[in-house]
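Every heavy atom of this structure was used, including side-chain atoms; hydrogens, water molecules and symmetry mates were not. Worth saying up front: this structure is predicted, and the values here are computed from it rather than measured. Whatever order the structure lists ligands and atoms in, that order sets their numbers, starting from 1.
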Amino acid sequence: MADVEELLRRRLAPAFEAVAGQPVDPAIRRSQHADFQSDAALALVRRLGGNPRDIAARVVERAELGDLCSTVEISGPGFINLTLSDEALGRLLAETTADERLGVPRAERPQTVTVDYSAPNAAKEMHVGHLRSTIIGDAAVRLLEFCGHTVIRQNHLGDWGTPFGMLVEHLLDIGEAEAAHELSVGDLNGFYQAARRKFDADETFQERSRRRVVLLQSGDEATLRLWRMLITESQKYFLAVYELLGARLDENDFYGESYYNDQLESVVDELAELGLLRDSEGAKCVFPEGFTGRDGDPLPLIVRKSDGGFGYPATDLATIRHRLRKLHATRLLYVVGLPQRMHLSMIFKTAEEAGWLTPPARAEHIGFGSVLGSDGKILRTRAGASVKLVDLLEEAVTRASAIVADKNPDLDPETRAAVARAVGIGAVKYADLSTDRVKDYVFDYDRMLSFDGNTAPYLQYARARICSIFRRGGVEPPRDVAPLTLTEPTERALALQLLGFEGLVAQVAENLEFHRLAQYLYSVASAFTSFYENCPVLNAEGDVRTARLVLCDLTARTLKLGLDLLGIESPDQM
Ligand SMILES: NC(=[NH2+])NCCC[C@H](N)C(=O)O
């Protein structure tokens, strides 16, 4: 346990409680005036009266901080300023470096977490929204697994519904072999658009498509075989994208909409029995509480359409019920773009009203904004078509390859290719994860591939440089060490950053705000730079050298683990 903030909180909390007569959050944060600061005494005045400086002084008198802090001061109107002692820092660093997990504990009460992510639509190109969902969802999977939770990946593939009538008919028109070819080479857009054009232009094709949907839904074996072909070929293409991305998603993670098909009927029955279903213009709807349209009327969630068919909402109701009842999920994450916020809120609310979703289980929409082109509009190709993801990723790798070749011409071709891949794909992922996910961001190769600033290449390079310190010096990183001796301010500053990892990981596992992890890694790399400019490492001696080697090693490991949790590789040399 090396989370310094948490350690201080645990020491101050009983002292505050004794003074206030009830539990108080010490509200510890990093500070410019000392290492940490607590301003909880200020808020207490409202309850206790008197002078906040006196309250702070009484708290400090009672708190046991001797083994952690070198100075504890009351400042300003009643802040408690805490400065850690060099001994305490040296001791905590030695503990952290001995730990594979860098101090991050496994969850005391592991949860079963479903992560609904990626979820492209079969026989249709993935768009950048699916890219974001895949990147963010993959990071969530990695982080929560690392924290010791049971994570169930759910790729909610759009593989059911009316478009498949038209798609199967188009497949028949062009022949199975041709269809398989188009889909497997990733020409999903071409295939889909050709079907769509016929559907819009040709009434007989429309009629055929409608009949085909009915056949599909009634389980006609010949139709199902063709449908399965569409799905399998599309899945192959998506799997190739995941492979290129290095996302932990495989063929066993597809739980598409069709998976829930035979549960839809019983969802309707159950909701009806609970008295939650109402007829509205021939459709069966639920009206979850708290959702009203502009006119103030309650908004419906259509469970069964007037023609008897089921749609997206019905499937999502079956899905959430399945995840709660069959998978016993206690945390349900939906990594889906912000435009679906309302839809998901209504699903969650309905699941609560039906008694499926009850505390401590919770459902969370992990929403995200759009990816924009340099014109500030949704990212498209010059021709105005939606961009093909593979092209986008391959372009990043190609550009990275040129940059890497330029930076380090001595790399052998094989290493260079691997580094280019790590840098190119890492840059795309990091650009996404380092912005607050609810915001839109501009897709800009030059910026994401820059070796300066808060980018993947900057962090990867910072770590590779540290690896080269050990290579050059011919030294192994010291792991089993006595408490370290710290002397320089830049050593202290770096040490404090490194010790913040545990607390930060805990926070991000809760809020899934990956930009905070990115920002943290960037601060670590910056603190390392200042340290390295000020403190010779290989030329230092004795305990000072050991401490500096540990700081180097711990920085490299923190960067590596942090990037790994974001799904980003870190090559040992670049
Ligand atoms: N359970 C869910 N609704 N997940 C998200 C599905 C996303 C959907 N396939 C789309 O492309 O918009």
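For the pair R101 and F146, the cation-pi criterion (under 6.0 Å, within 45° of the ring axis) is fulfilled. With F348 as the aromatic partner, R323 does not meet the cation-pi criteria of under 6.0 angstrom to the ring centre and within 45 degrees of the ring axis.
Identified under the ring-ring contact (aromatic ring centres under 6.0 Å, His included) test for residues 265-319, with sequence neighbours left out: Y312-H343.
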Practice task
Show your working on salt bridge (Lys or Arg N to Asp or Glu O under 4.0 Å) between R321 and E270 and close with a plain yes or no.
Solution key: CA-CA 11 Å; R321 190 182 66 167; E270 197 177 332; 2.7 Å; yes

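The contact shell of ligand 1, taken as protein residues with any non-hydrogen atom closer than 4.0 angstrom, comprises D116, A119, N121, H130, H156, Y312, D316, Y334, V336, Q340.
Between atom CG of residue D436 and atom CZ of residue F514 there is a gap of 12.5 Å, rounded to the nearest 0.5 Å.
Residues E176 and R225 are paired through a salt bridge, judged by an N-O separation under 4.0 Å between the basic side chain and the carboxylate.
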